[in-house]
Structure formats: structure tokens, C-alpha cells
Amino acid sequence: MPPVIKHMIEYSLVILGSFFVALAFNVFLLPNNIASGGVAGISTITKGVFGWEPGIVQAILNVPLFIMGIVLLGKNFGLKSFVGTMVLPLFVLLTNNFEPATPNPLLGAIFGGMGVGLGLGIVFRGRASTGGIDLAAQVLHKFTHLPLGISVAILDGIIVLTSALVFSVEEGLYALIGLFATSRTIDFVQVGLNTSKNVMIITENVEEVRAAILNEIDRGVTVLQGSGGYTDRERQVIMCVVQQNEFIKLTQTVKTIDPGAFVVAMNATEVLGEGFKTT
């Protein structure tokens with residue numbers, strides 16, 4: 001794909017994703033006072049307390065956070081992330097007169113969280129971000145050496161706790177539901193439903209199992225060198241990645257050859273290469 005077309009697609013994804021985030025915020029989250037983390041959550045709280053326009057608040061917070069990220073972290077966040085940082089508050093302003101989709105806070109939390117997750121997942125597909133709390137979390141991570149996931153959880157937790165104090169404990173709990181829905185939907189957009197299995201096989205019949213996987217399952221294998229932790233004896237370990245619908249056939253094939261084989265299966269949500277996704 002020509003670089004120009006690739007960049008156009010990525011910018012389009014950033015803009016489209018930002019629109020979905022703004023729409024979910026205005027029709028699901030804000031009308032139900034659900035402050036499910038992030039700068040959007042802060043703007044929901046300030047709207048409830050001071051009546052400030054959320055789009056303006058998000059713009060005022062996002063720009064300094066973006067600049068702080070560049071100055072303190074020394075990273076080139078790129079033009080696409082700057083576009084995401086700016087167009088999201090713009091779309092929040094443009095969609096602030098849309099009618100609320102539901103007065104039910106539980107539905108608002110679930111579908112609002114899913115909508116935000118869908119939008120953010122699309123933005124991430126465009127290799128960008130919408131700035132905000134993620135940048136603040138990276139700064140906290142740098143200066144406190146806390147894990148990045150913990151840093152994000154701390155900041156989002158403070159926002160959710162504040163919403164519980166400002167609105168009600170019940171609305172704070174709805175905000176947690178919204179956060180969970182957002183994270184699960186982002187995962188879905190990023191990796192889809194096609195979860196594969198990464199299988200490790202320890203057997204005394206390495207050659208027979210390897211040949212069966214190659215010929216009967218039609219999957220490639222990698223033979224790793226290992227040693228027993230108890231016996232300290234050198235042995236080979238077969239690694240193979242299969243689709244979900246191939247897993248039962250694989251285990252049955254292995255057990256037929258070696259009933260005493262030790263098989264460990266792990267979910268593999270993103271597999272690139274021949275027989276799977278190529279890009």
C-alpha cells in the first residue's frame with residue numbers, strides 16, 4: 001500500500017474513532033452522570049458541579065497534557081495523536097445537542113462504555129491516541145516507577161471515586177461498569193473474536209507427534225529444546241498454534257500417539273503469519 005494512502009486511512013480512523021467516542025459520551029454517559037475515567041470523566045464531574053461545557057473542559061485539559069507529555073517524556077507523539085487530542089473535544093461540542101439514548105444509567109454505562117471502547121479501538125487502529133489521562137499516567141509511571149497499568153488505574157480510580165462523592169455511590173458503580181465495558185470493547189476491536197490456541201506439548205514421541213500435526217492437522221510446529229526440572233534430562237518441546245476449532249482434533253491426535261503426553265494450551269489473541277493473519 002502506498003504510504004500516502006496508508007496515512008490517509010490512519011487519519012480517517014483517528015477522526016472516525018474520535019467521533020464515536022464523542023457520540024457515546026454525549027448520548028449515553030453524560031446524560032446519566034457516568035464519569036467512567038479519563039478526561040471525559042473529569043468533564044462530566046465539572047459539568048455536574050459547575051455547569052461547564054464538557055467539550056471546552058476536555059480541550060483545556062488535553063492540550064496541556066499533550067504538551068507535558070512531549071516535554072517530560074521526550075517522545076514524539078506524532079501528528080495523528082495531536083489530531084486525536086484536538087478533534088475529540090470538537091466532536092463533543094458538535095454532538096452536545098444530541099438527544100440522550102436512554103435515561104437508564106445501567107444501559108448508559110454498558111452502551112456508553114462500549115461506544116467509547118469502539119471509538120478508542122478504532123483510534124488505536126489508526127496508530128494514534130486521544131491524549132488525556134493516558135499521558136498523565138505515563139508521567140506518573142516515569143516519576144514513581146509504578147507499572148503503567150497501575151498508574152492508569154490510580155488516575156481513573158480517583159476520577160470514579162470523585163464521581164461517587166459528587167453524584168452518588170450508585171453512579172460511581174455505574175462508572176466502573178462503563179470502564180469495564182470500554183476495556184473489553186477495545187480488546188475486541190484490536191484482536192477480534194478469532195482467539196487461537198498456543199499449545200506446548202511434552203512427549204516421548206516427538207517425531208510421531210510432529211509428523212501428525214504437520215500432516216493431519218496441517219499446522220506448522222516449532223521444536224524447542226528444554227530440560228526436566230526434576231530429572232535435569234534434556235528433552236524437546238513441541239510448540240504449535242491452532243485455531244479454536246482445531247484444538248480438540250490436535251489434543252485427540254496427540255493423546256492417540258502418546259496417552260501420557262503433557263499438553264498446555266494458552267489463548268493467543270493476535271497471531272500473524274502463514275495460515276493466520278498476514279498483516
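Heavy atoms only: backbone and side chains are in, while hydrogens, waters and symmetry mates are out. For this chain, numbers begin at 1 and follow the sequence in order.
- Val264 and Phe247 fall into different hydrophobic clusters, where Ile, Leu, Val, Met, Phe, Trp and Tyr side chains are chained together by heavy-atom contacts under 4.5 Å.
- Judged as a side-chain contact (heavy atoms from CB on, under 4.5 Å), and not counting sequence neighbours, the contacts of Leu173 are Val169, Leu176.
- In plain terms, the two heavy atoms of Ala164 and Gly172 that are nearest each other are CB-CA, 4.0 Å.
- Using modelled atom types, one side-chain atom of Arg125 and one backbone atom of Val189 make a donor-acceptor pair closer than 3.5 Å.
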Without placing hydrogens or testing angles, list every side-chain donor-acceptor pair under 3.5 Å for residues 97-115, not counting sequence neighbours.
{"from": "Thr102", "atom 1": "OG1", "to": "Asn104", "atom 2": "N", "distance (Å)": "3.0"}
{"from": "Asn104", "atom 1": "OD1", "to": "Leu106", "atom 2": "N", "distance (Å)": "2.9"}
{"from": "Asn104", "atom 1": "OD1", "to": "Leu107", "atom 2": "N", "distance (Å)": "3.2"}

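- Looking at Ile213 and Ile201, their side chains come closer than 4.5 Å, going by heavy atoms from C-beta outward.
- Under the rule for a side-chain contact (heavy atoms from CB on, under 4.5 Å), the partners of Glu207 that lie at least two apart in sequence or sit in another chain are Arg210.
- Contact record, Val254 with Ala261: CG1-CB, 3.6 Å, taken as the closest heavy-atom pair.
- Note that CG of Asp258 and CD1 of Ile202 are 11.0 Å apart. Values are rounded to the nearest 0.5 Å.
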Determine all donor-acceptor pairs shorter than 3.5 Å in which one atom belongs to a side chain in residues 6-14; sequence neighbours excluded.
{"from": "Glu10", "atom 1": "OE1", "to": "Lys80", "atom 2": "NZ", "distance (Å)": "3.3"}
{"from": "Glu10", "atom 1": "OE2", "to": "Arg127", "atom 2": "NE", "distance (Å)": "3.3"}
{"from": "Ser12", "atom 1": "OG", "to": "Met8", "atom 2": "O", "distance (Å)": "2.8"}

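- Criterion: ILVMFWY side-chain heavy atoms under 4.5 Å apart, direct or through other members. Under it, Val92 and Leu90 are part of a common hydrophobic cluster.
- Under the side-chain hydrogen bond (donor to acceptor under 3.5 Å, both in side chains) criterion, the residue pairs touching residues 170-181 are Ser168-Glu171, with sequence neighbours excluded.
- Checked against side-chain contact (heavy atoms from CB on, under 4.5 Å), Thr231 has the following partners two or more places apart in sequence or in another chain: Arg233.
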Open item on the list: Does Ile34 form a side-chain contact (heavy atoms from CB on, under 4.5 Å) with Thr44? I'd like the steps, not just the answer.
Closed with: CA-CA 7 Å; Ile34 299 171; Thr44 300; over 6 Å; no
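- Scanning both residues, Gly220 and Cys240, for their nearest heavy atoms gives O-SG, 3.5 Å.
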TODO: Show your reasoning for whether side-chain contact (heavy atoms from CB on, under 4.5 Å) applies to Gln225 and Gln236.
DONE: CA-CA 5 Å; Gln225 298 299 321; Gln236 294 178 314; 3.3 Å; yes
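- The structure places CD of Gln252 at 11.5 Å from NZ of Lys255, a figure rounded to the nearest 0.5 Å.
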- [ ] Just do the side-chain contact (heavy atoms from CB on, under 4.5 Å) check on Met239 and Asn198 with the steps written out, would you?
- [x] CA-CA 7 Å; Met239 184 183 79; Asn198 180 24; 3.4 Å; yes
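- Summarising the geometry of Thr253 relative to Ala212, their closest heavy-atom pair is CG2-CB, 3.6 Å, with the distance given to 0.1 Å.
- Pairs passing the side-chain hydrogen bond (donor to acceptor under 3.5 Å, both in side chains) check and including a residue from residues 14-41, sequence neighbours excluded, read Asn26-Thr95.
- Heavy-atom minimum distance, Val199 versus Leu250: CG2-CD2, 3.7 Å.
- The ring pair (Phe, Tyr, Trp, His ring centres under 6.0 Å) pairs that include a residue from residues 40-60 are Phe50-Trp52, where partners are two or more places apart or lie in different chains.
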Identify all side-chain donor-acceptor contacts of residues 152-163 below 3.5 Å with residues at least two apart in sequence or on another chain.
{"from": "Asp156", "atom 1": "OD1", "to": "Gly38", "atom 2": "N", "distance (Å)": "2.9"}
{"from": "Thr162", "atom 1": "OG1", "to": "Ile158", "atom 2": "O", "distance (Å)": "2.7"}
{"from": "Ser163", "atom 1": "OG", "to": "Val160", "atom 2": "O", "distance (Å)": "2.6"}

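- At least one side-chain heavy atom of Asn267 sits less than 4.5 Å from a side-chain heavy atom of Lys197.
- Both Phe167 and Val49 are members of a single hydrophobic cluster when ILVMFWY side chains are connected at heavy-atom separations under 4.5 Å.
- With sequence neighbours left out, the side-chain contact (heavy atoms from CB on, under 4.5 Å) criterion links Val116 to Val21, Ala24, Leu29, Leu120, Thr182.
- Residue pairs meeting the ring pair (Phe, Tyr, Trp, His ring centres under 6.0 Å) criterion with at least one member in residues 12-36, sequence neighbours excluded, are Phe19-Phe91.
- A continuous path of ILVMFWY side-chain contacts below 4.5 Å connects Phe124 to Phe82, so both sit in one hydrophobic cluster.
- Nearest heavy atoms, Glu234 versus Gly226: OE1-O, 3.3 Å.
- No single ILVMFWY cluster, assembled from side-chain heavy atoms under 4.5 Å apart, contains both Met200 and Ile248.
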Pair up each side-chain donor or acceptor in residues 57-66 with any protein partner under 3.5 Å, not counting sequence neighbours, and list the distances.
{"from": "Gln58", "atom 1": "NE2", "to": "Ser43", "atom 2": "OG", "distance (Å)": "3.1"}
{"from": "Asn62", "atom 1": "OD1", "to": "Gly132", "atom 2": "N", "distance (Å)": "3.2"}
{"from": "Asn62", "atom 1": "ND2", "to": "Gln58", "atom 2": "O", "distance (Å)": "3.4"}

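- Residue Asp218 qualifies as open at atom CG: its count of foreign heavy atoms under 6.0 Å is 12 or below.
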